[in-house]
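Both ligands and their constituent atoms are indexed starting at 1 by order of listing.
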Amino acid sequence: MPGKQNNKNKKLTELRQDIVTGDWVVIATGREKRPEEFAEQKREIVEENNDKKCFFCYPEETNQEKDVLIYKNSDDDWSLRVFPNKYPAFSCQGEVNHFEEGPYFGMDGVGYHEVIVTRDHKKQIANLDSLQVAEIIDAYQDRYIDLMNKKNVNYIEIFHNHGKEAGASVVHPHSQLLAIPVISPYVKGELDGAESYFRQNKHCVYCTMAEWEISHQKRIIFENDNFIAFCPYASRAAFEVWVMPKKHKPYFERMGNEEKIQVGEALKISVEKIFQALKDPAYNFYLHTSPCDGKDYPHYHWHIEIIPRTSIWAGFELSTGIEVSTIEPETAAEYLKKI
Ligand SMILES: [Zn+2]
Ligand SMILES: [Zn+2]
Ligand SMILES: [Zn+2]
């Protein structure tokens, strides 16, 4: 088992495969928590009135990693910056070692983990203007393009957590990027589903959804020339919203400037509507796009899913993977549209 037992070479994280389902899990021990510490469950959240300096307002003073991207405004202050996560779920050192233990199989958690930070500590996405959100999208794309051809990077997940219930451990608004060697089971399900729908219907499943939603207007909450924002027919969470290109687009990284401005607008307006409707709920949003593993995915269609955290997964959801949404998406859409 190369690189496993020797403490000096100990990797921070490893990927382990569930041999029944093929799903991957990450075992991340970088923060060196002892077993008894789990009982305390005290997550450190950097609050606004804390004496401590906010990591993301003062990245230099709090010893964050060096920037990999910085956008400056006309006053020479920064407006957005990206740096490697201090506590990476995936770290970029070394080769990917594969290892086995009897019937089991795993590999090192090699990859990249970055944080994308906007300037203002108090302005969450709902409070930014559309162009500032477009700048965030621009940074996502910039980092995506830089990392997509790196060795061992086969999928890049970009996501944003807002609020404690959504897993945000730092109050200062930020997104995260994980460039990883495996394709997640969720994305794999979408890729397979899109391909089999195309084989049967000779049409993209996401384009089919977009066309239906545009012509019926029951679940659309916002649209501009290139994007729709809508509550999906089979929403998994109350007030779930997807932002999706109207035309068939498999690759997020190929988006042009005008599209970035428009997706910025659609994302900002969707998040703002959710913010107002649910009074600043915790939420996650994330990007789903074609893998960057060197293969073509002509039948996939990139999109952003926004999931307000209005309920927690209980026994039924955990045991079945079937989520329970407590409002009809049509009713949620009607409400969001009016805001
Ligand atoms: Zn801050
Ligand atoms: Zn499509
Ligand atoms: Zn998706």
Side-chain angles (χ1 to χ4, degrees), residues 44-62 64 77-81 83 86 115-125 127-128 155-160 162 168-175 183-214 226-237 240-252 254-255 259 263 267 270 284-291 296-307 321 323:
E44 195 177 321
I45 303 265
V46 180
E47 294 293 350
E48 277 140 54
N49 298 325
N50 205 317
D51 306 340
K52 277 195 227 160
K53 275 195 165 168
C54 167
F55 301 145
F56 294 163
C57 283
Y58 306 98
E60 282 92 1
E61 289 92 323
T62 57
Q64 301 304 301
D77 191 10
W78 58 276
S79 57
L80 178 148
R81 61 207 290 176
F83 39 84
K86 216 175 169 184
V115 286
I116 297 123
V117 178
T118 41
R119 184 73 182 101
D120 198 318
H121 186 96
K122 293 204 168 125
K123 275 195 178 164
Q124 57 156 303
I125 288 192
N127 314 123
L128 297 175
Y155 193 77
I156 298 178
E157 184 62 71
I158 297 173
F159 59 97
H160 184 95
H162 171 76
S169 56
V170 174
V171 169
H172 191 123
H174 65 284
S175 308
I183 296 166
S184 76
Y186 189 15
V187 171
K188 177 92 174 51
E190 288 193 350
L191 294 167
D192 292 348
E195 200 184 328
S196 75
Y197 188 92
F198 187 86
R199 252 189 267 119
Q200 280 169 27
N201 302 284
K202 301 285 167 271
H203 200 51
C204 162
V205 64
Y206 295 96
C207 287
T208 304
M209 278 191 244
E211 285 152 18
W212 179 268
E213 298 304 335
I214 290 165
N226 288 300
F227 290 88
I228 50 169
F230 66 106
C231 298
Y233 175 78
S235 290
R236 291 157 302 158
E240 175 173 340
V241 173
W242 289 14
V243 174
M244 201 160 83
K246 287 181 174 177
K247 294 205 187 98
H248 186 63
K249 305 275 177 186
Y251 305 100
F252 165 80
R254 297 188 190 169
M255 187 171 30
E259 286 172 279
V263 72
L267 179 60
S270 303
N284 306 95
F285 71 73
Y286 46 84
L287 171 70
H288 275 162
T289 186
S290 295
D296 282 334
Y297 293 89
H299 311 309
Y300 198 49
H301 186 133
W302 76 263
H303 53 276
I304 293 170
E305 302 183 6
I306 310 167
I307 315 285
E323 295 167 53

Next item on the list: Please test Phe159 against Leu287 for side-chain contact (heavy atoms from CB on, under 4.5 Å), starting from the C-alpha separation and ending with a verdict.
Entry: CA-CA 6 Å; Phe159 59 97; Leu287 171 70; over 6 Å; no
Checklist line | Test side-chain contact (heavy atoms from CB on, under 4.5 Å) applied to Val187 and Tyr155, step by step | finding: CA-CA 9 Å; Val187 171; Tyr155 193 77; 3.5 Å; yes
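If you look at His248 and ask which of its N, O or S atoms sits nearest the Zn ion (ligand 2), the answer is ND1. Looking only at its N/O/S atoms, His301 has ND1 as the one nearest to the Zn ion (ligand 2).
Ring centers of Tyr206 and Phe198: at least 6.0 Å apart, outside the cut-off. A ring-centre distance under 6.0 Å is not found for His299 and Tyr297. When ring centroids are compared, Tyr186 and His288 come within the 6.0 Å threshold.
For Thr62 (side chain) and Phe55 (main-chain N/O), a donor-acceptor pair under 3.5 Å exists by modelled atom type.
Within the 4.5 Å cutoff, no side-chain heavy atoms of Val263 are placed close to those of Asn226. Looking at Met209 and Tyr233, their side chains never come closer than 4.5 Å, going by heavy atoms from C-beta outward. Residues Phe230 and Ile214 are not in side-chain contact: their nearest non-hydrogen atoms beyond the backbone lie 4.5 Å or more apart. Side-chain contact check for Asn284 versus His162: every heavy-atom pair is 4.5 Å or farther apart.
The angle subtended at the Zn ion (ligand 2) by SG of Cys207 and SG of Cys204 is 110°, given to the nearest 10°.
Around the Zn ion (ligand 3), the protein N, O or S atoms closer than 2.8 Å are Glu190 OE1, Glu190 OE2, His288 ND1, His303 NE2, Glu305 OE2, listed by chain and residue number.
The tally of protein N/O/S atoms under 2.8 Å from the Zn ion (ligand 1) stands at 4.
Because the distance cut-off is set at 2.8 Å, His299 fails to qualify as a neighbour of the Zn ion (ligand 2), as none of its N, O or S atoms comes that close.
One finds no salt bridge joining Lys247 and Glu211 here, because no Lys/Arg side-chain nitrogen approaches an Asp/Glu carboxylate oxygen to under 4.0 Å.
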